[in-house]
Amino acid sequence: MFRFFINQDDRRIRIISGFTLVILILSAGFSVYRVMQSQIEEMATSGLKVALENKVKLIENQITYSIANTKTLNTSIFLTQSLEKIYVDEFNAEGIAGLVKSVDKILTTHFIGIKIRDVEGNLILSSGINSTSPDLAVELDTGSDIHTVLLWDEQFIIRNSIQLLDEKNKPIGRITTEEPMPDLTRIFKEATLIGKTGDFLLCAPVKENDLEMDCFLRGFNGNQFKRIQRIMHNKPLPIHFALAGQNGIKFTQDYRRMDVVAAHSPVAYGLGAVLKIDENELYSHLIQQIKTIALYLGLLVLIGMAIVYWLTVPLIHKTIRSRNTSIKAHKELIQAKNEAEEISSELTAYLDAIGKLALISITDDQGSIIQVNEKFCEISGYSPEELIGQDHRVLNSRTHPKAFFMEMWETITTGQTWHQEICNRNKSGGFYWVDSTIVPLVNTSGKIDRFLSVRVDVTARKQKDLDLNERLKESNCLHTVRNYLEQDLNVEKTCQSILNCLTLALQFPELAVAKIKLADKQFTTASYQDNLPNTISARIIANGEVCGLLQVSYIQDLPFALPYEQNLIATVAHDLSRWFERTEAEKRIIEMATHDALTGLPNRHLLQDRIEQALVHDTRSQRQMAVLFIDLDHFKTINDSLGHDIGDLLLKAVAERLLICVRNEDTVARQGGDEFIVVLNSITESLDAAKVAQKILDSLLRPYYIHKNELHIGGSIGIAVFPNDGANAETLLKNSDVAMYHAKENGRNNYQFFTDELNKSAHERHTLGLDLRYALERNELVLYYQPVMDMPNHQLHSVEALLRWRHPEHKLIAPDKFINLAEETGLIIPIGEWVLKTVCAQIKDWHEQGYIVPKVAINLSARQFRDKELINNI
């Protein structure tokens, strides 16, 4: 009877122990499943988000660069000038030829097709490969000044259309460009996007319907281009949130009503993008892991039940043998129960450690590894044979200082438990973080002979913390970099400041070196070396062309492919690109404002500044300065006969010869037309200016060979010397101009110094020219008729009409004093008309008085023969 009850207790103990063991193991398995599920979801969503951000940035950059490339065409002077000629019949052919030449040159840069239309929308020119029937075209939101369409025609093409304006900002036509987008095309054509079910959408809202959108769909089963609803089955699609300006991750259903994990983000210019993957694929890896875990849990259940059976059976047999004394049996039963509970507690602790998937290793008292578990080998990448006999230095990542390990060794050798987080490096070179606990094990003699190390993999959490810290450093770095770019610093100081700031923001700043190559200059940090193994870089692009490179390296062999560091380098390079583009534009504006566009010489504004600076310097050093006013002789004849293009090339050649004739500290400027100014700084005497003037005249007389034409030209030079001929720039320029006209009057191709008599003559000439403008109104002009006699008969043959000017102050002025003035000012035309009318009226008057009027001769100026109304007036 007693054995029956004992057998009942035996069965109950077995059932309860087995049931408890199963519950503990299943709880541990469920915990592992939950941890793995959250880690897989976090890794997948993080990967989706980073991949989408990179694609969005790539798309935005390509569209921005394409728009900037098209806008630069709006400033093409040659293009607008050629288009303006289209509207003039006599220059129509020349304008079209100029457009063809400009378009052919533009097509060698970024574009594959160009169309030019007039102000009424009529097609003038189409060149290159232009899309005619794309599969889908989406209009982008780029503002009112430019119209942009993204379309698919076997590849992605961006079509930009912008008005062309003349100098008065009036529309003269429109240019439409098409530029391929190879990087975006690659996204839709590459074999693998992300996973087997990866799907990428790029959409734009339909303007006339807020509930629809036009989409480019990239899926694992091919590309599609169609219009779909933004809200399906009363639920907004992920792309709906992207078009609403939101970004993030959603577990939802897509347009196929499939459960997906989708990352959505807005794209500039009114676009939205979604990168997604099916949930079934996301959790497929987890399901495989669950099968493996279930197998191991089953084995643990069987082993645990065998252990429980092996531990409890002796206790039951011992109780049966002591059944003679019930009290003793009862006490022994209680003791056995306590021992069983203690063993069960130890077993539960062991199972908990296994359930947490810990990395376990045992070392001897010298630190050499003598035993490792399977998880340790899985995470480290080493086999047991490679680890046993080694110490833990084989896993050293060189992240922690020596003091860290000295403190650890001091703690465990004194018998204390050590607990810290350690960064180790696996066999392939990757880093992983573990929460490590090291427990000293004491032998029977009380001495430490082994160390038990239990580690838990916390890489995901630690990486998240590191990511947050690095992003904070990245944000601070970008803020500092942009502050440097906003300051008015030179290129060298700006680049060096950015390099120092950038290296401090990297993961290992003490090992980082960097280089900026910008235009023809290079800037590096102190310890920079070429050809380092771990290097990342980003191109610096200004005005659509690569103008430099930003490169960062580690001087030691460390992994350096973290996405946030590449993103930081790319962002800084982008900011440098915009800054360099703006700096170069400012330089070009200053160059255009202060230099002549044709010859590149200083213009009148910069010339006056140079003269004023030279005056200050020469006044302080008590030196002289000379201003040479040079006017080319007979240049207009060459310009009219051979064309303005030849004339422009001749002016450039003259500018080059003038630069050769002077010193580096002297200034050569173009006044305008065929007039040049030379400023000679710090000369000893006026004779020095005369020597330079003669050198210039000799240089100008040498023949010019331009487009198979041999050209000859001279010059007239006027010289004004500081301080005798003027104390400021305006006076010196005016006096040298007066001297130049004196040189022309003296036969051209010579130089003349300014004198007071020249100034007085010029003043009188100017005053006389002003009075001449009012001579007709005041009836101051008179005609005298000089008879021409027929000899020897002494009979009247004809008369010649002679023009005189009865000036109120200077009395009667002969033609040689004012005819040249009238020709220069253009007054010779109305004066000639007055002479014709007056002579005809006089002839009529003589006829009415009964006189026989002979032939009357009238003198005409050469300037009058260029007047189109001359024949009509006669």
Side-chain angles (χ1 to χ4, degrees), residues 58-87 91-140 142-143 145-166 171-189 269 539-547 577 581 584-585 588 597 645:
L58 182 64
I59 295 170
E60 290 178 344
N61 287 345
Q62 279 215 332
I63 296 175
T64 301
Y65 291 158
S66 177
I67 292 173
N69 292 339
T70 302
K71 285 186 175 180
T72 57
L73 300 181
N74 195 27
T75 60
S76 174
I77 297 176
F78 189 73
L79 187 64
T80 55
Q81 288 180 347
S82 299
L83 187 56
E84 287 177 339
K85 292 179 180 179
I86 295 295
Y87 300 99
F91 298 111
N92 182 270
E94 182 181 349
I96 292 177
L99 286 177
V100 171
K101 183 178 180 182
S102 298
V103 168
D104 291 341
K105 184 176 181 181
I106 293 170
L107 285 174
T108 62
T109 57
H110 314 280
F111 307 105
I112 60 173
I114 292 177
K115 290 183 179 180
I116 298 179
R117 302 179 183 273
D118 60 16
V119 292
E120 297 178 356
N122 299 317
L123 181 64
I124 298 175
L125 177 64
S126 177
S127 184
I129 303 173
N130 290 281
S131 301
T132 57
S133 56
D135 296 323
L136 182 64
V138 173
E139 182 176 351
L140 304 185
T142 54
D145 59 334
I146 186 168
H147 180 262
T148 302
V149 176
L150 179 64
L151 52 90
W152 174 271
D153 190 0
E154 297 183 355
Q155 64 172 332
F156 273 100
I157 298 173
I158 185 164
R159 177 186 293 161
N160 295 306
S161 179
I162 189 171
Q163 277 192 337
L164 295 176
L165 307 176
D166 59 11
I172 58 174
R174 177 171 288 274
I175 183 169
T176 301
T177 65
E178 290 193 3
E179 182 177 353
M181 301 184 68
D183 292 335
L184 182 55
T185 303
R186 197 176 302 116
I187 293 175
F188 277 73
K189 285 191 174 182
Y269 310 109
R539 297 182 300 174
I540 300 174
I541 301 175
N543 296 317
E545 297 182 356
V546 177
C547 61
S577 300
E581 198 173 77
E584 290 300 305
R588 287 194 297 272
D645 291 341

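- Screening Ile106, Leu107, Val100 for a side-chain contact (heavy atoms from CB on, under 4.5 Å) involving Ser127 leaves a single residue, Leu107.
- Atom OG1 of Thr64 is separated from atom CG of Asn69 by 10.5 Å, given to the nearest 0.5 angstrom.
- Minimum interatomic distance between Gly173 and Leu83 (heavy atoms only, all atoms of both residues): CA-CD2, 3.9 Å.
- Between Tyr269 and Thr148 the shortest side-chain heavy-atom distance does not fall below 4.5 Å.
- Evaluation of the salt bridge (Lys or Arg N to Asp or Glu O under 4.0 Å) rule for Glu94 yields Lys85 as partners, not counting sequence neighbours.
- Among residues two or more places apart in sequence or in another chain, the salt bridge (Lys or Arg N to Asp or Glu O under 4.0 Å) test is passed with Asp183 by Arg186.
- Residues meeting the salt bridge (Lys or Arg N to Asp or Glu O under 4.0 Å) test with Glu178, sequence neighbours left out: Arg159.
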Self-check item: Residues Asn130, Lys115; criterion side chain to side chain contact (heavy atoms under 4.5 Å, CB included); working and verdict
Solution: CA-CA 8 Å; Asn130 290 281; Lys115 290 183 179 180; 3.8 Å; yes
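- Formation of a donor-acceptor pair under 3.5 Å by the Tyr87 side chain with backbone atoms of Ile172 is found in this model.
- Expressed to the nearest 0.5 Å, how far CD1 of Ile86 lies from CD1 of Ile124 amounts to 5.5 Å.
- Between the CG atom of Leu58 and the CD1 atom of Ile63 there is a distance of 10.0 Å, given to the nearest 0.5 Å.
- In this view, Lys71 and Asp145 satisfy the salt bridge (Lys or Arg N to Asp or Glu O under 4.0 Å) rule, not counting sequence neighbours.
- By the side chain to side chain contact (heavy atoms under 4.5 Å, CB included) test, Thr177 is found to be paired with Thr70, Leu73, Phe111, Ile114, Asn160, Ile175, residues two or more places apart in sequence or in another chain being considered.
- Counting heavy atoms from C-beta on, the side chains of Gln163 and Val119 never come closer than 4.5 Å.
- The side chain to side chain contact (heavy atoms under 4.5 Å, CB included) check on Ser161 picks up His147, Arg174, Thr176, with sequence neighbours excluded.
- Side-chain contact between Leu150 and Leu184: present, with at least one pair of heavy atoms (C-beta onward) separated by less than 4.5 Å.
- Note that the CD1 atom of Ile162 and the CD1 atom of Ile146 stand 4.5 Å from one another [nearest 0.5 Å].
- Scanning both residues, Ile158 and Ser66, for their nearest heavy atoms gives CG2-OG, 2.9 Å.
- Using a 4.5 Å heavy-atom threshold, the side chains of Ile96 and Leu125 count as separate.
- Counting all heavy atoms, side chain and backbone alike, Ser131 lies closest to Leu151 at OG-CD1, 3.7 Å.
- You'll find the side chain of Thr185 stays beyond 4.5 Å of the side chain of Pro180, heavy atoms only.
- The minimum heavy-atom distance between Thr80 and Leu165, with the atom names listed, is CG2-O, 3.5 Å.
- Nearest heavy atom pair, residue Asp153 against residue Ile157, reads CB-CD1, 4.2 Å.
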